[in-house]
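Protein chains get the first letters and strands the later ones, always in sequence-line order, with residue 1 at the start of each. It should be emphasised that the depicted structure is a prediction, and the values quoted were computed from it without experimental measurement. Side chains are part of it too, since the values below use all heavy atoms of this structure and drop only hydrogens, waters and symmetry mates.
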Amino acid sequence: MSVAVQGVRGSERVRAERWAPALAGLLALVLIAATAEIVLDGAVGHSPLIPKSPAIAGWLAGIGERLGYRSFLIAVLASGAAYGGLLALLRRVGAVSISKRAVLVLLGILHLIVFVGPILLSTDVFSYIAYARMGVEHGLNPYLHGPSSIAHDPVYTYVGHDWRHVATAYGPFYTLLSYPLAPLGVVGAVWGMKVLALAASMGTLALTWRCARARDIDPVWAILVLGANPLYVIYGLGGAHNDLIMLAAMMGAVSLTLLSPSARRDSSAAGLIVAGALVKATVAALLPFMVVSRRRLAPIVGAVGMLFAGALIGYLAFGIHGIDVVSALNRDAAFVSTDSFANEIAHLFGKPGVFPIDHALLKAGLVIIVLHLLWRTWRGYDWIAAAGWTLLAISVTSTWLLAWYILWPLPLAIISRDRRLLVATFAIQILFVAHQCTPLLAPVA
Amino acid sequence: MSAPSSFTDFGARLPAWLAPRERELPGSGRTRLIETTLLVLVGILLAVATVNDVVLQTHVNHRLNADLASWRGYTGHDYKNLSVEQDLYGHSTRDIVCGNTTPGPPKERIQICLVATGPVVDGHRAIKGGWYLPVKSEDLRRYRYGCYGSAKTEGFCPR
């Protein structure tokens, strides 16, 4: 390369580093404004996007207007564009030009905005509270009964119609974790769930930082990719989903394997994955890849130990139904959501929806993908990337796809050695958001 | 010698093509190329399916708006609570729109159901016939009465 070309590139870089902080500030403002608009408009209530909820954000209600599909989608697209712009900017000029403090402040503001606002886009948190209240206040086993068995309880009115007769599908550790919130009343329990989600998110971000550093990836970039992701903030944190707790356990396990690996740490990591699976079963997908990658008995010992302890606790607390995760998973695997890719492909081929044969084909496809990834891991492929691909494949092949499911692979994609995983995760997120955009193109009068 | 708790000994006994590796060999580019090609193909399929679904749903919403406008124009009532039964998968263009004949909560008055068909022209569709429903009734054939137009010739009412 000639000296002249080097000089031009150098001066371009200097110029880019000069305007980068201003542009990053502008993009961050768009991200904050779009998130604030959703929260403030959502606080007004009477929106199809805001579940019926006790008045937890009434003091914000006078500022915004009723949240409609159009304004919500515009805000999501604006925050998506700002997020993409920030990541592109960081990649172009490097994290040196954008301070760690600025990124932490941005993530703090985004988290705070969503924390003080209403529950967004999902009634799931009210199901969590209903299951807790069933066990603590009414002496009913949430693994045997749906919330309809406590129709007289104040939380019942907020539980989604589709879930009123459905027993909990979450693991016994999550159910026990939610029990102390039950006596706080519905409003107190909602705030408790919000605090849990916030703490889990902050824990996941801190662990992602540690994992990124251990892998020589810029940690500032890593936490920005995760913590400013619009689906993570608006859908995941906004809905106070327990997926965030599962992600914290997942990243805790990964960080244990990355920082000064040892047999004891491998054992603890596998135990933590099982503990996470006893919150929400999906994270168990990491375990075979960890075992194949480590090629030690320690992770198996740790996993079996935690499984035994978890099964014992689940059995003592909830009986045999508390540890029957398989039947709960089979039941949920039969659900079909309009946003699932399986449903979209069925429409593409002129079918009205997904049929039982399609479920079987999707499961077979998933098994083939997992076997291929296990083989690749055995032959030296990054096990974290393989686990991330598996989580992505689970969400893509699932007939029941919700926005927070496509967050599962994101922390692993950020720290994986295979950049294709991050690109694929973003592509799936973009397609998911694009599928929501019909009301922008043809709003119903 | 490694500890008995290690799989290393087991791995060392396997042939080279089957043995575990700590890191991938630099020459694994062909596998990567195949994977990337498959990923791109899957990505294209998902993108086409998503765009197709959005277009389908946009047409459905467009037709829904025309159906609602046609019902309001035909009956002269600007009611919000109307129920629409659409053929979502394009097997026909026939939709059925029902609403109260006089002001009141949904289904708490006698309802008039209209059969809308054909293309959307100026935000409206052709009304080819219809029928009435008693108070608090779903749109089931046994409850329908007073069929007229295409609804009568096609036997939408029980008598």
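When each of B:V42, B:V51, B:N52, B:L45 is scored by its heavy-atom pairs under 4.5 Å with chain A, the top score falls to B:N52.
Minimum interatomic distance between B:T36 and A:R420 (heavy atoms only, all atoms of both residues): OG1-NH1, 2.9 Å. Listed here is the closest heavy atom pair of A:H435 and B:D53: NE2-OD2, 2.6 Å. Closest of all the heavy-atom pairs between A:L348 and B:V48 is CD1-CG1, 3.9 Å. A pairwise comparison of heavy atoms in A:A434 and B:V54 identifies O-CG2, 3.5 Å as the closest pair. Shown here for A:H372 and B:T31, the closest heavy-atom pair between the two residues is CE1-CG2, 4.5 Å.
There is no contact between A:W383 and chain B, counting heavy-atom distances below 4.5 Å. Of the two parts of A:D339, neither the backbone nor the side chain holds a non-hydrogen atom closer than 4.5 Å to a non-hydrogen atom of chain B. Only the side chain of A:I428 comes within less than 4.5 Å of a heavy atom of chain B; its backbone N, CA, C and O stay farther away. Contacts between A:V396 and chain B at a heavy-atom distance below 4.5 Å involve the side chain alone, from C-beta outward. For chain B, the nearby part of A:T338 is the backbone; its heavy atoms alone come within less than 4.5 Å. Contacts of B:L46 with chain A are made by both backbone and side-chain atoms, with heavy-atom separations under 4.5 Å.
In terms of the side chain to side chain contact (heavy atoms under 4.5 Å, CB included) criterion, residue partners of A:L77 (sequence neighbours excluded) are, by chain and number, A:V433, A:C437, A:L440. Not counting sequence neighbours, the partners of A:S395 by the side chain to side chain contact (heavy atoms under 4.5 Å, CB included) test are A:L392, A:L401, A:Y405, A:I406.
Sparse packing is recorded around CD of A:E65, with 12 or fewer heavy atoms of other residues, nucleotides or ligands lying under 6.0 Å away. Around atom CD of B:E138, no more than 12 heavy atoms belonging to other residues, nucleotides or ligands sit under 6.0 Å away. Within 6.0 Å of NE2 in B:H77 there are more than 12 heavy atoms belonging to other residues, nucleotides or ligands. More than 12 non-hydrogen atoms from other residues, nucleotides or ligands lie less than 6.0 angstrom from CZ of A:F335. Heavy-atom neighbours of B:Y132 OH from other residues, nucleotides or ligands within 6.0 Å: at or below the threshold of 12. A 6.0 Å sphere centred on CG of A:D162 holds more than 12 heavy atoms belonging to other residues, nucleotides or ligands.
Residues B:T50 and A:F432 fail the side-chain proximity criterion, which asks for heavy atoms closer than 4.5 Å.
Contact annotation for residues 110-117 of chain B against chain A (heavy-atom separation below 4.5 Å): no residues qualify.
Each side chain to side chain donor-acceptor pair (under 3.5 Å) pair with one or both residues in residues 423-434 of chain A, not counting sequence neighbours, appears once here: A:N229-A:Q429.
Distance NE2/B:H59 to CG/A:L441: 10.5 Å, rounded to 0.5 Å. Once rounded to the nearest 0.5 Å, the distance linking CG of A:L373 with CD of B:E35 reads 7.5 Å. Once rounded to the nearest 0.5 Å, the distance linking CZ of B:R32 with CZ of A:R376 reads 7.5 Å.
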